Protein chains: 2
Amino acid sequence: MLRYNMSIRPAMPDAPGPALADPAFAAHDHTRCTAAALAAAEAVCAREGGRLTPVRRRTLTILLEAHRALGAYEVLSRLAADGFGGQPPVVYRALDFLQARGLVHRIRRLNAFAACLRPGEAHQALFLICRGCAAVAEAPGGGVRASLEAAAAATGFAVERASLEATGLCPACRGEAP
Amino acid sequence: MLRYNMSIRPAMPDAPGPALADPAFAAHDHTRCTAAALAAAEAVCAREGGRLTPVRRRTLTILLEAHRALGAYEVLSRLAADGFGGQPPVVYRALDFLQARGLVHRIRRLNAFAACLRPGEAHQALFLICRGCAAVAEAPGGGVRASLEAAAAATGFAVERASLEATGLCPACRGEAP
DNA sequence: GTCTAGGATGTTACGATATAACATGTCAAT
DNA sequence: ATTGACATGTTATATCGTAACATCCTAGAC
Ligand SMILES: [Zn+2]
Ligand SMILES: [Zn+2]
Ligand SMILES: [Zn+2]
Ligand SMILES: [Zn+2]
């Protein structure tokens, strides 16, 4: 198990903006999770239909490699740098495709997108956004989702999709700035 | 108890867009809840500081009277029609003020704002957004919030604010289009 | 009453995010 | 080869949100 900031992206401050999205602010082997996610993406497309075309694949790998939440225009500029069309619809369409298959999540509080860390598995994402370091973690939100459905059922509402996002302080930032 | 569409806004189709925000898709006396919310707003300002100036008061009553989620520019155009400044910062500042005091909620999935239905009471809002009729209900989300905090605690994350929003079908629309 | 400092509002200008609409291209099945 | 479905490229524009600065109002100090 590798410490993310120590070994995976040692010399890439990568400017400010929404940051890391890892399982729960915990370290992990990033190259491995990227490869796994890409393989899962192929499998999902094979199963659910739709082709993982070059733009779509590149969009996904951009999000996986960045390993943090990126704005659509940030993704777009990287796509353009790689020779793909540089207009907004290109990236929004790719993101739509990936979102529809659960390979990418949208984080509404940030107007940003992040690669899913559990592609292929049915799950409810819960995003924890640190206001100290801008890190974003995708945590399992199954329990929260169940609780939400119970609350909704009390009013007769049938939940189809839920967005669960919280802001606060990650473990590291709690120590620094309590 | 009055049936909202029958007696409160009988002749006002009010165009499409995000719709009603009532306690749980249930009917209620709207003039009463508007007056109560305004009184609560005065009390909150007296207690927490800040003045409920004309623009701010009017912004709040616009949301209360619309009784649904409104985009900032929708609110703005109504403010302008009432003689208040017609520039975006006017409405965004008023909305910021009201949000900071819990008198208005922001609904991120809709890029819209709705008057709080429990002003003055500490509470976690849970928004239920119907994809059939675009109605929006603010339900009590205390239980969901507790569940979310438990999930976050498992990763050492300290939750400060949470947005809980679900899309699905309201009771009425479930019957019509199951 | 005047002065003054902080807060509130008005206004210009711009930045950031997202989509509509249409043209073009690709590919696999007939 | 033809065709139809899907995918991409491109132009233009819609929608949402903020920075920065000028002006004004108001409450307390004197
Ligand atoms: Zn996920
Ligand atoms: Zn942090
Ligand atoms: Zn509320
Ligand atoms: Zn409905």
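This structure is a prediction, so every number in the text was calculated from the model and none was measured. Lettering follows sequence order; numbering is per chain, from 1.
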J.: Classify every nucleotide of nucleotides 16-30 of chain C by which part a protein heavy atom approaches to under 4.0 Å, writing B for the base, S for the sugar-phosphate alone and - for neither, in 5'-to-3' order.
T.: -BBBB----------
J.: Suppose we screen for salt bridge (charged side-chain N to carboxylate O under 4.0 Å, His left out). Which residues come up paired with B:R56, at least two apart in sequence or across chains?
T.: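 B:R56 satisfies salt bridge (charged side-chain N to carboxylate O under 4.0 Å, His left out) with no residue once adjacent residues are dropped.
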J.: Considering only residues two or more places apart or on different chains, which pairs with a residue in residues 128-172 of chain B satisfy ring pair (Phe, Tyr, Trp, His ring centres under 6.0 Å)?
T.: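 Qualifying pairs, neighbours excluded: A:F25-B:F157.
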J.: With heavy atoms of chain A within less than 4.0 Å as the criterion, where does contact along DNA chain D begin and end?
T.: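 Endpoints of the contacted stretch of DNA chain D: D:dA7 to D:dT11.
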J.: Got a sec, which pairs hit salt bridge (Lys or Arg N to Asp or Glu O under 4.0 Å) with one end in residues 79-100 of chain A, sequence neighbours left out?
T.: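 Sorted pair list: A:R58-A:D82.
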J.: With sequence neighbours excluded, tell me which residues meet side-chain hydrogen bond (donor to acceptor under 3.5 Å, both in side chains) with A:T167.
T.: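 Scan of A:T167 (side-chain hydrogen bond (donor to acceptor under 3.5 Å, both in side chains), adjacent residues dropped) gives none.
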J.: Answer yes or no: is there a side-chain heavy-atom contact under 4.5 Å between B:L64 and B:T31?
T.: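 B:L64 vs B:T31: side chains apart.
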J.: How large an angle, rounded to 10°, do the end axes of the helix from C:dG1-D:dC30 to C:dT30-D:dA1 enclose when each is built from five base pairs?
T.: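 The helix from C:dG1-D:dC30 to C:dT30-D:dA1 shows an end-to-end axis angle of 20°.
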J.: How would you list all residue pairs meeting ring pair (Phe, Tyr, Trp, His ring centres under 6.0 Å) that involve residues 131-150 of chain B, not counting sequence neighbours?
T.: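 For residues 131-150 of chain B, and leaving out neighbouring residues, there are no ring pair (Phe, Tyr, Trp, His ring centres under 6.0 Å) pairs at all.
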J.: Which residues pass the side chain to side chain contact (heavy atoms under 4.5 Å, CB included) test with B:R51, sequence neighbours left out?
T.: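 Result, side chain to side chain contact (heavy atoms under 4.5 Å, CB included) vs B:R51: B:T53.
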J.: Can you list the residues that meet the side chain to side chain contact (heavy atoms under 4.5 Å, CB included) rule with B:P54, with sequence neighbours excluded?
T.: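 Counting only residues at least two positions away or on another chain, B:P54 forms a side chain to side chain contact (heavy atoms under 4.5 Å, CB included) with B:F84.
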J.: Considering only residues two or more places apart or on different chains, which pairs with a residue in residues 95-117 of chain B satisfy ring pair (Phe, Tyr, Trp, His ring centres under 6.0 Å)?
T.: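 Counting only pairs at least two positions apart or across chains, the ring pair (Phe, Tyr, Trp, His ring centres under 6.0 Å) contacts touching residues 95-117 of chain B are B:H105-B:H123, B:H105-B:F127.
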J.: Who passes salt bridge (charged side-chain N to carboxylate O under 4.0 Å, His left out) against A:E149, sequence neighbours left out?
T.: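 Listed in chain order: A:R145.
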